[in-house]
Amino acid sequence: MAMVSCDKTGFQYDGLIDPDHQTNYTLADSLTASMRTFQLDSVITSGSATILTGEYTDPSFGTLTAGSYFHLQTPATTSLQIDQNVIYDSTEFVLKPNKYYYGDSMSLQTINVHKLKQKILLPTTQTSLYNNETWPYDPTPIGSWTGTIRPNIDSFIHIRLPDAIGRDFLDQARRHTVALTSQADFLNYFGGISIQTKSGNGQQVIMGFKGQDTSVYLRVHYHLSDVLSTPQALTFQITDNNLQFNSFKSNRSGTPLAAFDAIPTPGYGRYKSITTDSTGHVAYIQASTGLVARLDFPTLGGLLNYGKFTKVLKAVLILRPENSTYRDLTLPPKLALCEVDKYNNVLDTLSATTGGTMYGNLVIDKLMNEQTAYTYDISSYINSQISIIGTDEVHGIMIMPNIGDFRSRTDRILLTDGKHSTSETNRLTIQVYYLTYQ
């Protein structure tokens, strides 16, 4: 094992070694790690209270298309008597941006509103809905909007819907039919909504919208036939948060990730993977498409043969994104480290010494793009692995976004490995501080 080290003599550490021997405090900053990109079968996207829609073509990850599915709730005003002489005005569908976007926010975007053919139901073997699932909807949209969304400025997006839909709802409300007075009957009558985009029209953005309560609704406007023409409305808000989910479709043709298509599907509970040696010494991570990275430390056992080794005092892992691959895109704000077994089953999430999950404390070098990094103290993990070297129980580290980001974000990152050809300030680094004695 190659080591670059520096020794500091004269330190005494009570209880660690024989006090009659002098201690050396050594830094090994070239401990090697192997790195792979893994493709998870699926990730949960239901229950996020976030609607994602749009399309973005990335030279590294390919084209990603996002859409969303959810139910609407019957309006509360149906419990009131609606005058037979009310006059219909218009019908609209309303979305509220949540300030999240992936890509170019100035890109022209098309949003299509589709009616579901049937209500959303959880399969009997599932408790959630996933990123690779869809739900049948009428191919012809009931409403469409094209324009530029300013996520930090625009409060709502208003999409005009056909008058026939609004007049029908208003008529059902007048007659107090079960289609509007019973939620179960309403879902059988009007299955729900899917928000989709117009694929292949050159747009370069996936936009986020709030998916809860008063932020998303279908509204029928009408007025009373009185002297003041008093305006009224029937409002159908989003409901059943646990059944609202986002769906993603990827086309990776022409990218290094296309290599996944040629890999046979592994057995149950196993995942496809590609080593960074075959992808330009970078690993690919993207929550919405289930891409994560794994680290293993094949040379860790060499520490036991390096002098009279006693104990790792501190081990620091520094993860760095590849330069120039994130200038116009948002990096994942949090990357968690999960201890996994040889079958990639998650055993635990690495925690900080002060408690709580470590997410890397991302620092972004906005000037030179060279010092951007996520930094972790993995001392406890390294010591635990040293204690079981030689057994079949040695574990790796899976690098993945915060669990909430799997449901509500499409950020991606290319992480360099320790062999990346750029400068040392743009490579994965592991610094191990340990004790030896004379």
Side-chain angles (χ1 to χ4, degrees), residues 1-6 26-38 58-61 255-257 259 273-286 291-303 306 312 314-340 350 358-379 381-382 385 395-401 411-434:
M1 176 176 66
M3 289 283 183
V4 176
S5 63
C6 59
T26 305
L27 164 65
D29 61 1
S30 58
L31 181 67
T32 60
S34 62
M35 202 173 194
R36 303 181 72 90
T37 299
F38 276 79
D58 186 307
S60 300
F61 286 74
T255 73
L257 292 174
S273 70
I274 304 173
T275 175
T276 55
D277 290 338
S278 61
T279 55
H281 295 291
V282 292
Y284 294 71
I285 296 177
Q286 186 174 48
L291 291 171
V292 297
R294 174 172 175 142
L295 280 178
D296 288 284
F297 305 93
T299 59
L300 186 58
L303 284 175
Y306 191 76
V312 169
K314 188 173 184 179
V316 177
L317 171 66
I318 303 174
L319 301 176
R320 296 183 172 96
E322 186 177 39
N323 283 345
S324 76
T325 62
Y326 59 93
R327 190 179 304 274
D328 299 320
L329 294 169
T330 302
L331 292 172
K334 298 178 180 180
L335 289 179
L337 304 182
C338 298
E339 185 175 346
V340 292
L350 272 62
M358 289 189 294
Y359 291 115
N361 297 321
L362 172 62
V363 174
I364 299 178
D365 178 1
K366 297 181 179 179
L367 181 62
M368 302 299 293
N369 286 327
E370 292 182 352
Q371 301 297 326
T372 299
Y374 302 80
T375 304
Y376 306 84
D377 183 339
I378 59 170
S379 309
Y381 163 80
I382 291 294
Q385 297 312 295
H395 304 147
I397 289 177
M398 195 71 83
I399 308 166
M400 59 179 64
D411 307 328
R412 67 16 156 222
I413 186 171
L414 285 84
L415 286 179
T416 58
D417 66 11
K419 302 176 185 177
H420 198 270
S421 60
T422 57
S423 66
E424 291 186 6
T425 59
N426 194 224
R427 297 176 188 163
L428 176 149
T429 303
I430 307 163
Q431 299 172 339
V432 180
Y433 302 83
Y434 63 97

Could you check whether any side-chain heavy atom of Y284 comes within less than 4.5 Å of a side-chain heavy atom of I274, counting everything from C-beta outward? no

Less than 4.5 Å apart, any side-chain heavy atom of I397 and any of Y381? yes

List the atom of S34, the atom of P298, and the distance in Å for their closest heavy-atom pair. N-CD, 4.0 Å

Identify every side-chain donor-acceptor pair in residues 325-339 under 3.5 Å, counting partners at least two apart or on other chains, and give the distances.
{"unit_1": "T325", "atom_1": "OG1", "unit_2": "E322", "atom_2": "O", "d": "2.6"}
{"unit_1": "Y326", "atom_1": "OH", "unit_2": "N369", "atom_2": "O", "d": "3.4"}
{"unit_1": "Y326", "atom_1": "OH", "unit_2": "T372", "atom_2": "OG1", "d": "2.9"}
{"unit_1": "E339", "atom_1": "OE2", "unit_2": "Q385", "atom_2": "NE2", "d": "3.4"}
{"unit_1": "E339", "atom_1": "OE2", "unit_2": "H395", "atom_2": "ND1", "d": "2.7"}

Taking the basic N atoms (NZ, or NE/NH1/NH2) and the acidic carboxylate oxygens, is any pair closer than 4.0 Å for R36 and D296? no

Distance, nearest 0.5 Å, that separates NE2 of H281 from CG of L414: 14.0 Å

Measure the spacing between CG of L317 and OH of Y374 and express it to the nearest 0.5 Å. 12.5 Å

Quick one: list whatever passes side-chain hydrogen bond (donor to acceptor under 3.5 Å, both in side chains) with T279, sequence neighbours left out. none

Find the distance between OH (Y359) and CG (L350) and round it off to the nearest 0.5 Å. 12.0 Å

Got L295 and I430 here, is their nearest side-chain heavy-atom distance under 4.5 Å? no

Looking at T416 and R320, would you say the former's side chain and the latter's main chain have a donor-acceptor pair under 3.5 Å? yes

Residue pair I399 / M35, side-chain heavy-atom distance below 4.5 Å: yes

Spacing of CG belonging to L257 relative to OG1 belonging to T37, to within rounding of 0.5 Å: 7.0 Å

For a 4.5 angstrom cut-off between non-hydrogen side-chain atoms, does I285 reach I413? yes

Is the closest side-chain heavy-atom distance between L415 and L428 below 4.5 Å? no

If every non-hydrogen atom of P256 is compared with every non-hydrogen atom of S60, which pair is closest and at what distance? CD-O, 4.2 Å

Given side chains that start at C-beta, do those of D277 and K419 come closer than 4.5 Å, heavy atoms only? yes

Measuring from L319:CG to R427:CZ, what's the distance to the nearest 0.5 Å? 15.5 Å

